[in-house]
Amino acid sequence: MARIEKVTITNMCMIQDGSKVLVQEKIDDDYSGITFPGGHVEVGESFTDAVVREVFEETGLKISSPKLCGIKDWPRDDGSRYMVLFYKTDKFEGELKSSEEGEVYWLELQEMVNLDLAEGMDKMLKVFLDENISEYFFYKENGVWQEVLK
């Protein structure tokens, strides 16, 4: 088995303000619903710089001190892997504004479960919130996708 694989790396950040979190209502055809802001890590960019940049582009807020709290990852049919690095922070400044990615707004954390969440967001929330869970992993078994929290 090869020890090197091609990987697409993205990020997502849960920004907290007391009991509220900043959510984004994604309008992308491939991934829509309520989620947290984030996006792709550019070639040569640090992971931390990427999450700060993506949050700013999508929300107008400049975050600081993002802490890595987990990952979501899965193998793709082309043999590569797709990874989403999960970050949390409660340090931010700036004026909130939406982008073409979708509307952003503050919401009580417990209210999220009542909304139209993006696919898998219910399980991703467990990674963000449970210190005993650090990974949301997908794999195929007998041609059927399996999901596991680790």
Side-chain angles (χ1 to χ4, degrees), residues 3-76 80-139 145-150:
R3 294 180 61 132
I4 297 175
E5 63 184 329
K6 183 178 177 183
V7 180
T8 299
I9 304 171
T10 63
N11 57 56
M12 182 181 286
C13 188
M14 182 173 79
I15 304 163
Q16 297 174 284
D17 187 7
S19 62
K20 294 184 177 186
V21 291
L22 183 65
V23 296
Q24 182 175 50
E25 192 164 343
K26 284 275 196 184
I27 53 176
D28 189 295
D29 289 340
D30 294 328
Y31 188 69
S32 61
I34 303 296
T35 187
F36 296 137
H40 284 81
V41 176
E42 302 294 334
V43 174
E45 184 177 36
S46 83
F47 297 157
T48 301
D49 290 346
V51 72
V52 170
R53 175 186 54 76
E54 283 290 348
V55 167
F56 180 74
E57 289 174 1
E58 295 184 4
T59 71
L61 299 181
K62 183 174 182 186
I63 62 168
S64 58
S65 303
K67 302 293 181 221
L68 188 63
C69 63
I71 61 172
K72 173 183 174 184
D73 63 308
W74 64 94
R76 298 171 81 181
S80 68
R81 180 184 297 249
Y82 198 97
M83 293 179 63
V84 184
L85 304 174
F86 293 158
Y87 289 89
K88 289 197 278 193
T89 190
D90 61 359
K91 296 172 178 53
F92 60 90
E93 59 184 37
E95 185 176 326
L96 188 63
K97 62 181 177 185
S98 297
S99 72
E100 69 275 355
E101 296 282 337
E103 182 183 355
V104 291
Y105 52 93
W106 295 101
L107 183 70
E108 290 290 334
L109 180 60
Q110 67 268 17
E111 290 179 31
M112 283 187 73
V113 295
N114 301 321
L115 300 176
D116 183 21
L117 299 177
E119 185 177 348
M121 191 63 194
D122 56 334
K123 291 181 182 72
M124 287 185 265
L125 276 171
K126 292 179 182 181
V127 179
F128 279 104
L129 299 172
D130 187 335
E131 291 183 9
N132 295 311
I133 301 173
S134 63
E135 183 178 15
Y136 177 23
F137 182 66
F138 291 77
Y139 64 96
W145 282 105
Q146 305 295 319
E147 303 175 25
V148 64
L149 295 172
K150 297 179 173 256

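Numbers for residues simply follow the sequence, beginning at 1.
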Practice prompt. Among residues two or more places apart or on two chains, list those pairs meeting side-chain hydrogen bond (donor to acceptor under 3.5 Å, both in side chains) that have a residue in residues 83-98.
Written response: none
Discussion item. To the closest 0.5 Å, what do you measure between SG (Cys13) and CG (Leu61)?
Written reply: 10.0 Å
Worksheet item: CG/Leu22 to CG/Leu107 distance, rounded to the nearest 0.5 angstrom?
Response: 9.5 Å
Worksheet item: Distance-only, no hydrogens or angles: does the Asn11 side chain make a donor-acceptor pair with backbone N or O of Gly39 under 3.5 Å?
Response: yes
Fill in: For Arg76, side chain to side chain donor-acceptor pair (under 3.5 Å) partners two or more places apart
Thr8
Discussion item. Suppose the criterion is side-chain hydrogen bond (donor to acceptor under 3.5 Å, both in side chains): which pairs have a residue in residues 42-66, not counting sequence neighbours?
Written reply: Gln24-Glu58, Glu45-Arg53, Ser46-Asp49, Arg53-Glu57
Discussion item. So, using salt bridge (Lys or Arg N to Asp or Glu O under 4.0 Å) as the criterion, who are the partners of Glu101 when residues are at least two apart?
Written reply: Lys26
Worksheet item: Sequence neighbours excluded, which residues qualify as salt bridge (Lys or Arg N to Asp or Glu O under 4.0 Å) partners of Glu5?
Response: Arg81
Practice prompt. Quick one: list whatever passes side-chain contact (heavy atoms from CB on, under 4.5 Å) with Glu100, sequence neighbours left out.
Written response: none
Item to complete: Output all residues satisfying salt bridge (Lys or Arg N to Asp or Glu O under 4.0 Å) with Lys123, sequence neighbours left out; order by chain, then residue number.
Response: Glu147
Item to complete: With sequence neighbours left out, write down each residue that passes side chain to side chain donor-acceptor pair (under 3.5 Å) with Ser19, or none if nothing qualifies.
Response: Glu108
Item to complete: Only counting residues at least two apart or in another chain, list the ones meeting ring pair (Phe, Tyr, Trp, His ring centres under 6.0 Å) with Phe92.
Response: Trp106
Fill in: Lys20 side, atom NZ; Met112 side, atom CE - distance, nearest 0.5 Å
14.5 Å
Discussion item. Test: side-chain hydrogen bond (donor to acceptor under 3.5 Å, both in side chains). Region: residues 113-122. Which pairs qualify, not counting sequence neighbours?
Written reply: none
Discussion item. Enumerate the salt bridge (Lys or Arg N to Asp or Glu O under 4.0 Å) contacts for residues 7-18, please, sequence neighbours excluded, ordered by first and then second residue.
Written reply: none
Worksheet entry | Partners meeting side-chain contact (heavy atoms from CB on, under 4.5 Å) with Val43 (sequence neighbours left out) | none
